[in-house]
Protein chains: 2
Amino acid sequence: MTDFIAETTDLLARTPAVLRALLIGLPEAWTNEPDAADGWRPRDVIGHLITAEQTDWMQRTRRILEQGTSVPFDRFNRHAMLERDLGVPVDRLVEQFAALRAENLAALANLVSGADLDRRGFHPALGEVTLRELLATWAVHDLDHVSQIYAGLAGSHDAEVGPWKAYLGILLRRDDPSAVPG
Amino acid sequence: MTDFIAETTDLLARTPAVLRALLIGLPEAWTNEPDAADGWRPRDVIGHLITAEQTDWMQRTRRILEQGTSVPFDRFNRHAMLERDLGVPVDRLVEQFAALRAENLAALANLVSGADLDRRGFHPALGEVTLRELLATWAVHDLDHVSQIYAGLAGSHDAEVGPWKAYLGILLRRDDPSAVPG
């Protein structure tokens, strides 16, 4: 493993533990509010991460290794979780995500070495991409969506902070994405 | 304890575990980049949270309970950590924060009951605020700043995701806060 692969998988391996620490058993007073960008509650975000583990990252890694740019990646359904996960408790979603992530990181470690990172695939909208870009995106996608969970959690208490809202960018940006806290 | 106090402290008690899961031992390739809003690296954000545990939340809680609106809150130094924590390893900052948070939540449980939540204090810039608003702000302030840590972590890999940046709001917003991922 190169440093890049080790460093990227180090981050990826942490996300299940972060989600457990943050969400398992957290009172619903915090978790029922959607974020402002996608309208997703924390449970929807985890569902989206589950779909990506099932149908995106490792499928695309294998496509690059096996077919290069000759067959484009399959498209990805961003909203699959909204019907699929109806009624599944959030604790179970977190554990389902954790199991899929562990499985995928084990598969990745067996499949990919540093020599593969410049190999290319073809994204149906973005064109040619490298395996290195795919793996970096996998990790930053985690950061983007965990941050989205934070935005929903904060939004649940928008009405309770009173005048302090003026200092809380995470709330101000729900109303105006370019707002700067005072 | 009312539900409000129990629910708020439930969230507050989680932040040290989240920071441990996310940051302890994380390679520096992830942690050396400042966020775009304040120019703070993850370690600076933790330092800011430490200052708030030391000089903000519980001091203001006690001020409300003991003096009401008659004596304004002391002002808070947002940048105290930049000199104070020079050279302190991030792992030690996380544990220092965890110890202060545990101590403050224990003190809060002894000091405050639901009957106190409408009691008022005086913020030097915002005017009259309630204890309920202070406690909600304490929790949302955690969410705001952990989210800021995520923004810095993502920024460290801005150059590595290639064309996928177009889909990653957490990166696009570093350049343009009102950017919408495509």
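Order of the sequence lines fixes the chain letters, A, B, ..., with proteins taken first and strands second; residue numbering starts at 1 for each chain. Worth saying up front: this structure is predicted, and the values here are computed from it rather than measured.
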Minimum heavy-atom separation for A:P163 and B:V129, please, with both atom names. CG-CG1, 3.5 Å

Work out which heavy atom in B:V140 is nearest to a heavy atom in A:H157; give both atom names and the distance. CG2-CB, 3.9 Å

From A:S147 atom OG to B:L153 atom CG, the distance as rounded to the nearest 0.5 Å: 10.0 Å

Heavy atoms only: give me the nearest A:E7-B:W30 pair and the separation to one decimal. O-NE1, 2.8 Å

Side chain, backbone, both or neither: which part of A:Q148 has a non-hydrogen atom closer than 4.5 Å to chain B? neither

Does any N or O in the side chain of A:D144 come within less than 3.5 Å of the main-chain N or O of B:I170, such that one atom is a donor and the other an acceptor? yes

Looking only at A:D142, A:D158, A:D10, most heavy-atom pairs under 4.5 Å shared with chain B are made by A:D10

Same cluster or not: are A:F122 and A:L117 linked, directly or through other Ile, Leu, Val, Met, Phe, Trp or Tyr residues, by side-chain heavy atoms under 4.5 angstrom apart? no

Among the listed options B:T8, B:L134, B:I149, B:T130, the residue most often paired with chain A at heavy-atom distances under 4.5 Å: B:L134

Only pairs of heavy atoms separated by less than 4.5 Å count here; which of A:E133, A:R20, A:E128, A:R132 has the most with chain B? A:E133

Are B:L111 and B:V71 co-members of a hydrophobic cluster defined by side-chain heavy atoms under 4.5 Å apart? no

Return yes when atom CZ of A:R78 has more than 12 non-hydrogen atoms of other residues, nucleotides or ligands closer than 6.0 Å, and no otherwise. yes

Quick one: are B:Y150 and A:V18 in side-chain contact, heavy atoms under 4.5 Å? yes

If Ile, Leu, Val, Met, Phe, Trp and Tyr residues are connected whenever their side-chain heavy atoms lie under 4.5 Å apart, and connections chain through other members, are B:F76 and B:L108 in the same group? no

So which of A:P27, A:A151, A:G182, A:A166 has the largest heavy-atom pair count under 4.5 angstrom toward chain B? A:P27

Greater than 12 external heavy atoms within 6.0 Å of B:R92's CZ: no

What are the residues of residues 171-180 of chain A, in order of number, with any heavy atom under 4.5 angstrom from a heavy atom of chain B? A:L171, A:R173, A:P177, A:S178

Please classify the contact between B:W164 and chain A as side chain, backbone, both or neither, with a heavy-atom cut-off of under 4.5 Å. both

Chain A heavy atoms under 4.5 Å from B:H145: which part of the residue, side chain, backbone, both or neither? neither

Does the side chain of A:F4 reach to within under 4.5 Å of the side chain of B:E160, using non-hydrogen atoms? yes

If I compare all heavy atoms of A:R14 with all of B:L22, which pair ends up nearest, and what's the gap? NH1-O, 3.2 Å

Region of B:E28 in contact with chain A, defined by heavy-atom distances below 4.5 Å: neither

